[in-house]
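Side chains included, hydrogens not; waters and symmetry mates left out as well; all remaining heavy atoms used. Order of the sequence lines fixes the chain letters, A, B, ..., with proteins taken first and strands second; residue numbering starts at 1 for each chain.
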2 protein chains.
Amino acid sequence: MLRRINAGEWPVGADIPNEVELVAEFSAARGTIQRALSSLVEQGLIERRKRAGSRVVPPRAHASKLSIPLIREEIETRGFGYGYKLLERRVLPASKGTGKRLRLVCLHLADGRPFQLERRDINLAALPQAERESFQSAGPNEWLVREVPATRIVTRISAEAADAATARLLDLPEASPLLIVARETFKADAPLTEVRMLHPADSYEVTTVSF
Amino acid sequence: MLRRINAGEWPVGADIPNEVELVAEFSAARGTIQRALSSLVEQGLIERRKRAGSRVVPPRAHASKLSIPLIREEIETRGFGYGYKLLERRVLPASKGTGKRLRLVCLHLADGRPFQLERRDINLAALPQAERESFQSAGPNEWLVREVPATRIVTRISAEAADAATARLLDLPEASPLLIVARETFKADAPLTEVRMLHPADSYEVTTVSF
DNA sequence: TGACGCTTTATGTCTAGACATTAATCATGG
DNA sequence: CCATGATTAATGTCTAGACATAAAGCGTCA
């Protein structure tokens, strides 16, 4: 079926044969045909509606898997030595809107050069055990990933010019372009953590491949 | 099962009951249990090996769906008026490494302000019909997604400072930060098109949500 | 001890059939 | 002509059972 769609035998917009016909044509059970069609739906190639049948969908906005790996591995797979420094660790009192939070600022280095500046707030109401961690020798991300599985993750990727303080920390000229990955994670609607990861533009990019 | 994993009833690393036990416990057929487990595998929550059983895996690098929509819709859903200008259209002769290509430079505007500068090369060996298109009034992306489904897509997101020419086209001060989405698409290993989409950093970001 | 092959136990996949659900379509009455 | 309800044709989901396949573990023999 995949081949037919790619080859244009089933052109965009066309109804594809219904399940019973496909069962006959491929001499497979309906369950098998169903699985195949479901897989095509997941790949965004067809659309199925009860009673109306299945249609080849115009290839739309391409959805591909974006995976944001652990920064340590990211650096090590590039063959650099990984370094880590905790720059700030402070408990912010509760204020309107947000509860008590743990603020962390850390620097991740590749071969001694600044690679990522991580500014993170951890919601202590949801994760009180974070207050007992020092985060002196390892970044909070590795701890968090181990500690709690998040149920919802929002990632935003943007660019920005470095302000003076950030430029100094990343050892860059002021106003250098930065690539910023911001992420919020939630567990059942309770915010867990909010992080902004800032990278010198020339040393980082986000890559995704889809088939 | 999802609840149990999230609640830690099935802790990370633990073997989960085998299919026959789950069938008994949930009073469902094995096929149904299988589907549930497969879905957990897809979500990256468990790992299954024949003979060895299924295990809860440590939540790793989060993978989420990244979708890059059509620029026109992107602009219109934000409530801006969409504008389009073709700045350059030129056939590049074949040279070593690459075949004949069609180079396009276009500007997409939101309410008359530059929003995206698109520099695109289309491989004319794979898509000769592109040469007959003028791309005067609509961007090549919409034509391309209609014309050929790609089988492989590589997307890279990066940041960069605007050079003089680019800054002028986007009506920005020189050296302003840009967010750049670069994409290469292939059909069965033949390159189709290669595009760099440049955005003023303060007007664009890439967002992804995963559950 | 170690290589090899057999057994066993788990997952992987399929089949055939049943019933549920949804929504397009048609028929009917005001 | 329109609204409303009945029909029906498609997909959605499940069950029970079968066989395939991979790999862990065991036994045997050189």
Once you round it to whole Å, what is the distance between P of D:dA10 and CG of A:Asp15?
-> 10 Å
Please give, in whole Å, the distance from C:dA20 P to A:Lys50 NZ?
-> 13 Å
When the distance from CD1 of A:Ile46 to P of D:dA10 is rounded to whole Å, what number comes out?
-> 15 Å
Checking all strands, does B:Arg49 fall into the base, sugar-phosphate, or nothing category for heavy-atom contacts under 4.0 angstrom?
-> sugar-phosphate
Would you please say whether a donor-acceptor pair under 3.5 Å links the side chains of B:Ser38 and B:Gln34?
-> no
Are any of the side-chain nitrogens in A:Glu131 or A:Arg101 under 4.0 Å away from the carboxylate oxygens of its partner?
-> no
Assign A:Ser38 to base, sugar-phosphate, or nothing according to its heavy-atom contacts below 4.0 angstrom with the strands shown.
-> nothing
Do the side chain of B:Arg51 and the base of D:dA24 come within less than 3.5 angstrom through a donor-acceptor pair of N or O atoms?
-> yes
Phosphate contact (C:dT15 OP1 or OP2) by A:Thr32 side-chain N/O below 4.0 Å = yes
B:Arg103/B:Glu194 ion pair, N-O < 4.0 Å | no
Side-chain H-bond candidate by donor/acceptor type, A:Thr166 with A:Arg119, under 3.5 Å | yes
Of A:Ala29 and A:Ala52, the one whose closest nucleotide on DNA chain C sits nearer the 5' end is A:Ala29
For A:Leu37 and D:dA10, what is the distance between atoms CG and P respectively, to the nearest whole Å?
-> 14 Å
Selected nucleotide, minimal atom distance to B:Ser54 side chain, candidates C:dA16, C:dT11, D:dT13 | C:dT11
Does A:Arg30 make a side-chain N or O approach to OP1 or OP2 of C:dA16 shorter than 4.0 Å?
-> no
A:Arg48 side-chain proximity, nearest of C:dT13, D:dT11, C:dA10 | D:dT11
What integer distance in Å separates A:Ile33:CD1 from C:dT13:P?
-> 15 Å
Here the distance between atom C1' of D:dA10 and atom CD of A:Gln34, to the nearest Å, is 11 Å
Rounded to whole Å, CD of B:Glu19 lies from C1' of D:dT15 at a distance of 15 Å
Minimum-distance nucleotide (side-chain atoms of A:Ala28 versus C:dT21, C:dT15, C:dT11) | C:dT15
Roughly, in whole Å, what's the span from CD in A:Glu47 to C1' in D:dA10?
-> 14 Å
Look at atom CZ of B:Arg4 and say whether more than 12 heavy atoms of other residues, nucleotides or ligands are closer to it than 6.0 Å.
-> yes
